[in-house]
Amino acid sequence: MTNQEVAENLGQLRRLLPRLDQPVLLVPFDAVVHTEAIVSLSAAQQVPKFRFGGGGTAFQAIFDWLQESGYRDGNATVLIMTDGHGEVAVDQHQMTTVVWGLTTKIGELSVCQPKGRTVALNRGE
């Protein structure tokens with residue numbers, strides 16, 4: 001994603017946090033999960049104002065991390081904020097409570113037959 005798309009997504013996250021009744025775990029990833037930058041957020045002012053990482057996207061990295069960390073459909077809902085560009089096939093490890101939030105058009109997600117929902121993120125709102 002571009003720096004502007006990342007900034008817009010973080011802005012949307014800042015607006016969403018006050019509406020949630022539980023903390024959100026922000027897990028930055030590109031080709032790998034950046035574990036040193038994982039942060040639990042409960043207030044909008046905690047949302048980072050910067051981009052972390054920035055390489056090619058490998059969705060498999062986040063699904064492997066989720067599985068290794070003990071996250072399942074019963075204890076997590078996953079929101080992946082993405083421009084949709086990544087690999088075609090991903091093993092989601094039976095994770096279906098996934099929302100693919102796209103900064104591009106709905107049909108531009110590279111993953112074929114993703115489990116979960118695909119939604120367009122409202123940019124600039």
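Quick caveat, the model's predicted, so the values are computed rather than measured. The figures that follow rest on heavy atoms only: side chains count, while hydrogens, waters and symmetry mates do not. Note that the numbering runs from 1 along the sequence shown for the chain.
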Subject >> Heavy-atom pair of closest approach, residues Phe59 and Gly86 >> reply: CE1-CA, 3.7 Å
Original post:
Any side-chain heavy-atom pair from Lys115 and Met95 closer than 4.5 angstrom?
Top reply: no
Original post:
Considering only heavy atoms from C-beta outward, does the side chain of Asp83 approach that of Leu102 to under 4.5 Å?
Top reply: no
Subject >> Verdict with reasoning, Met81 to Thr103, per side-chain contact (heavy atoms from CB on, under 4.5 Å) >> reply: CA-CA 7 Å; Met81 299 171 107; Thr103 59; over 6 Å; no
Original post:
If you take all heavy atoms of Arg15 and Pro18, which pair is closest and at what distance?
Top reply: O-CD, 3.4 Å
**OP:** Taking side-chain hydrogen bond (donor to acceptor under 3.5 Å, both in side chains) as the test, write out the residues that go with Gln67, two or more places apart.
**Re:** His93
Original post:
Is it true that Val39 and Val24 fall in one hydrophobic cluster, defined by side-chain heavy atoms closer than 4.5 Å?
Top reply: yes
**OP:** Before giving the answer on side-chain contact (heavy atoms from CB on, under 4.5 Å), spell out for Val90 and Gln60 the whole-Å C-alpha distance, their side-chain angles and the decisive distance to 0.1 Å.
**Re:** CA-CA 6 Å; Val90 176; Gln60 192 62 56; 3.5 Å; yes
Original post:
Below 4.5 Å, heavy atoms only, C-beta onward: do Val99 and Ile80 meet side chain to side chain?
Top reply: no
Original post:
Is Asp64 reaching over with its side chain to a backbone N or O of Ala61, donor-acceptor style, under 3.5 angstrom?
Top reply: no
**OP:** Please work out which of the three classes, parallel, tilted or perpendicular, describes the rings of Phe63 and Trp100, given edges at 30° and 60°.
**Re:** tilted
**OP:** May I ask you to test the Val111-Val88 pair for a side-chain heavy-atom distance under 4.5 Å?
**Re:** no
Subject >> Heavy-atom closest contact (Leu109 atom, Pro114 atom, distance) >> reply: CD2-CG, 3.6 Å
Original post:
Counting only heavy atoms not in Arg117, do more than 12 fall under 6.0 Å of its CZ?
Top reply: no
Original post:
Rounded to the nearest 0.5 Å, how far apart are NE2 of His34 and CZ of Phe29?
Top reply: 9.5 Å
Original post:
Checking side-chain contact (heavy atoms from CB on, under 4.5 Å) for the pair Ile38/Leu26: CA distance, chi angles, key distance, verdict?
Top reply: CA-CA 6 Å; Ile38 294 173; Leu26 179 64; over 6 Å; no
Original post:
Can you name the residues that form a side-chain hydrogen bond (donor to acceptor under 3.5 Å, both in side chains) with Thr96, not counting sequence neighbours?
Top reply: Asp73
Original post:
Is it true that Val98 and Leu25 fall in one hydrophobic cluster, defined by side-chain heavy atoms closer than 4.5 Å?
Top reply: yes
**OP:** Grab the two heavy atoms, one from Ala58 and one from Glu87, that are nearest each other, plus how far apart they are.
**Re:** CA-OE1, 3.3 Å
**OP:** Using modelled atom types only, decide if a donor and an acceptor are shared between the side chain of Thr57 and the backbone of Ala31 within a distance under 3.5 Å.
**Re:** no
Subject >> Main-chain N/O of Gly84 paired to Ser110 side chain as donor or acceptor, under 3.5 Å >> reply: yes
**OP:** Could you list the residues that satisfy side chain to side chain contact (heavy atoms under 4.5 Å, CB included) with Glu108, not counting sequence neighbours?
**Re:** Thr104, Lys105
Original post:
Less than 4.5 Å apart, any side-chain heavy atom of Val27 and any of Val33?
Top reply: yes
